[in-house]
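Count residues from 1 along the sequence.
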Amino acid sequence: MDEKMSKPNSDAAPMATEDSDVPTTDYDSDIEIEESLKTQQKKQNPKPKYWDRFGLKGNDEERQDVHTYSSFQLIKLGLYAVLFLLFLASLVTQKLSLAIASSKLTTDFKQDKKTASNSSDPRHVSDPAVHGLLLFTAMCVPYVLTFSSSCWKVYFGNLKRPSISSVVVCAVLAALQSIGLCLLVFHLLPNVGPIQGLLVLGATGIVPSFLKLHLTLNKTCEIRAKITEFAVDLFALSLQLSITALIFVPNVTFFCRVSSPPGSNGGYYVTKCLTNTVSRIKAVLALLLTSLTWWENFLEKLIEKKSLKGRISNIQSDLNENRAFINIFVSMCKFVTSFITVFIIEDSSQIFEQHIWQEFANQKVQDILDIILLILSSIAAYFIACTSCKLQMQIFSFSIPCLLSTPIAAILFALICSRSGEILKDSFYFDCDISCDAQYLKSNYCLVVALLWTLSLYWTAKHIWFPEQERIAKVERLFVNPLYCGILLEQDLVLNRKRCYNENLKKSEEEESFSKTIPPLVYACATMWHESHLEMVQLLKSILR
């Protein structure tokens, strides 16, 4: 027996090669046998194809994706620049058109109309009542579009009807917002200069700034960070409220229309101003009620069922599930409320006069060019904003243009009026000498406060700098309210940008209890009586991966 056991050792000794003096063992022979089996398996099972996901190993080399191509990077960079420029140009055009259109609502244009008719000046000046109807039409275009799209969704969709209380509350809030917007357009903006009017729009975030304080207090973060953010939020709210105190300060010409006619030797005089207490209260109400538009985006998502918070939770749930049905009544309420408010603010007796409607029908292109640009630029800016957010280009092609639009529009308007005012006079029938004094604005300290209004507004809407939505998201996940605001375009796009993407606002008790339990076991059943051995193995691999 010992001889037989020692015999393989004597036979293995001569197998040592000349290059190595180490003799081979049984371990080496096992390795050789394993390698030979692997080579046979490779011959029998060739390298899997690229489309065979079961045969591919996880540690294979990664293939180059299309996003890493240099040509694709150049196209993406060019798209960034194109969307940035188009969106910024649309916002600036909308602001300039709004400044010109609101300036034509003053009584100064009535006097300018008389002087133009008595002189040999060939330009035509519209009656302020006629231009007020045109501006009202531009303001109501989003209401009509929202009503049409909501009716389409309700008629062809399968939507549940919301509660009557939710519809009533949303309609009342929409009516208050429409009253504030009409006071802003037909009372506050005509009483201030066009440049001051553009800057005043930065103080329309009073209600969102107030609601953001409650959001900061309910945050789950460190105490020091929460206190710091709450202090900044409180400072932003105080800046937004500072305009209400500044309106009531006497001898503040920032809220006045200042002009410098030819031959005044650098001087200026006030043509229109917020003089009495009633006009100042109307101006404050215009800013306060307008900011009610974005209450939903800055309200905490509630899941309670009792007390006032429970009612707010039900309204949030109805808006989240049945927004199209509610928007039908909201858009109608906005239109009717706006018409009644404009009828009260403006001289109601002139609207039904025959010569007003005759002049309304005989408007030239130069008379309504600002209204046309106001409508078209608003629509273009809205669609470009949706495209930028869908393609996850929000920071560069959406947030930055919104921030730059107000100062660029104000500076551009001042440069045009100070150097080449004839362009506005020939194209829009707008006289810079009557409605604007750019030299006066250079030394006005209120410009610093106006800049702080805009910065505080963007602090309130700081979520636009940190987008979290998926690529090619639906518009409903990008913005809270549908479409846009024809007057406050920039402010509406910024404050209406969705802050929270969690759509599960309300959970039932069964869902809450079910989420705490162990996840259920799922059984997979497949008929494999006609599959081969390889197909069965692939199916098991796909399940166990």
Side-chain angles (χ1 to χ4, degrees), residues 87 90-91 94 137-162 166-167 169-178 180-181 204 208 290-299 301 315-338 374-390 394 398 402 461 463-464 467 469-470 472-503 505:
F87 187 54
S90 301
L91 289 178
Q94 190 269 345
T137 304
M139 187 174 63
C140 293
V141 167
Y143 305 157
V144 177
L145 295 177
T146 303
F147 178 79
S148 303
S149 62
S150 299
C151 290
W152 179 274
K153 292 178 181 179
V154 170
Y155 185 77
F156 292 100
N158 187 15
L159 300 178
K160 297 180 181 179
R161 292 186 178 182
S166 300
V167 176
V169 170
C170 294
V172 170
L173 291 174
L176 294 176
Q177 179 261 329
S178 300
L181 189 62
T204 53
T290 303
S291 62
L292 288 173
T293 309
W294 310 284
W295 65 272
E296 183 187 355
N297 197 25
F298 293 88
L299 195 64
K301 306 303 179 184
I315 295 173
Q316 289 177 335
S317 179
D318 287 335
L319 284 170
N320 187 48
E321 298 174 0
N322 312 301
R323 186 178 298 274
F325 196 94
I326 297 176
N327 282 335
I328 294 177
F329 299 94
V330 167
S331 56
M332 289 191 299
C333 185
K334 284 184 176 181
F335 181 83
V336 174
T337 307
S338 300
L374 181 63
I375 297 173
L376 296 181
S377 59
S378 300
I379 297 175
Y382 172 73
F383 282 105
I384 295 172
C386 293
T387 304
S388 301
C389 296
K390 284 184 177 182
Q394 176 174 326
F398 174 80
C402 286
H463 58 275
I464 65 172
Q469 85 287 348
E470 67 276 8
I472 315 297
K474 293 183 178 180
V475 180
E476 290 79 7
R477 289 184 56 82
L478 297 176
F479 298 96
V480 178
N481 296 315
L483 294 179
Y484 60 94
C485 178
I487 304 300
L488 303 173
L489 179 63
E490 174 215 341
Q491 290 77 16
D492 183 71
L493 291 175
V494 171
L495 296 174
N496 194 35
R497 183 67 172 88
K498 209 162 192 177
R499 183 185 57 84
C500 181
Y501 300 96
N502 185 16
E503 296 182 355
L505 304 180

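Val475 places none of its side-chain heavy atoms less than 4.5 Å from the side chain of Pro482. Taking the side chain as every heavy atom from C-beta outward, Arg323 and Glu476 never approach each other to under 4.5 Å. Under the 4.5 Å side-chain criterion, counting only non-hydrogen atoms from C-beta, Thr387 is not in contact with Phe87. Annotation: side chain of Ile315 is not in contact with side chain of Glu296 (no heavy-atom distance under 4.5 Å).
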Give every donor-acceptor pair under 3.5 Å between a side-chain atom in residues 170-177 and any protein atom, sequence neighbours left out.
from: Gln177; atom 1: NE2; to: Thr293; atom 2: OG1; distance (Å): 3.3

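A tilted orientation is assigned to the rings of Tyr382 and Phe479, their planes being inclined by 30° to 60°.
Among all heavy-atom pairs drawn from Ile384 and Ser90, the shortest one is CD1-OG, 4.0 Å. In terms of heavy-atom proximity, Leu478 sits nearest to Lys390 at CD1-CG, 3.6 Å. In terms of heavy atoms, Arg497 sits closest to Gln394 at NH2-OE1, 2.5 Å. Of all heavy-atom pairs spanning Ser338 and Met139, the tightest one is CB-CE, 4.2 Å. Closest approach of Tyr484 and Pro142 over heavy atoms only: O-CB, 3.3 Å. Ala381 and Leu489 get closest at one heavy-atom pair: CB-CD2, 3.6 Å.
Taking CZ of Phe335 as the start and OG1 of Thr337 as the end, the distance is 10.5 Å to the nearest 0.5 Å. A distance of 9.5 Å separates CG in Leu493 from SG in Cys485, rounded to the nearest 0.5 Å. The CZ atom of Phe298 sits 11.0 Å away from atom OG of Ser291, with the distance rounded to the nearest 0.5 Å. The CG atom of Leu319 lies 8.5 Å from the CG atom of Asn481; values are rounded to the nearest 0.5 Å. Taking CG from Leu483 and CG from Asp492, the interatomic distance works out to 9.5 Å, rounded to the nearest 0.5 Å. The structure places CD1 of Ile464 at 8.5 Å from CG of Leu495, a figure rounded to the nearest 0.5 Å.
Enclosure of atom OH in Tyr155 is not indicated, since only 12 or fewer non-hydrogen atoms of other residues, nucleotides or ligands lie within 6.0 angstrom.
Pairs passing the salt bridge (charged side-chain N to carboxylate O under 4.0 Å, His left out) check and including a residue from residues 328-338, sequence neighbours excluded, do not occur.
For Ser166, the side chain to side chain donor-acceptor pair (under 3.5 Å) criterion is met by Ser163, Asp318, not counting sequence neighbours. Shown here are the side chain to side chain contact (heavy atoms under 4.5 Å, CB included) partners of Val167, two or more places apart in sequence or in another chain: Pro162, Ile326, Phe329. Residues that satisfy the side chain to side chain donor-acceptor pair (under 3.5 Å) test with Asn297, not counting sequence neighbours, are absent from this structure. Under the rule for a side chain to side chain contact (heavy atoms under 4.5 Å, CB included), the partners of Ile328 that lie at least two apart in sequence or sit in another chain are Phe147, Ser150, Cys151, Val154, Met332.
The backbone N or O of Gly486 lies less than 3.5 Å from a partner atom in the side chain of Gln94, making a donor-acceptor pair.
Checked against a 6.0 Å centroid threshold, the rings of Phe156 and Trp152 count as neighbours.
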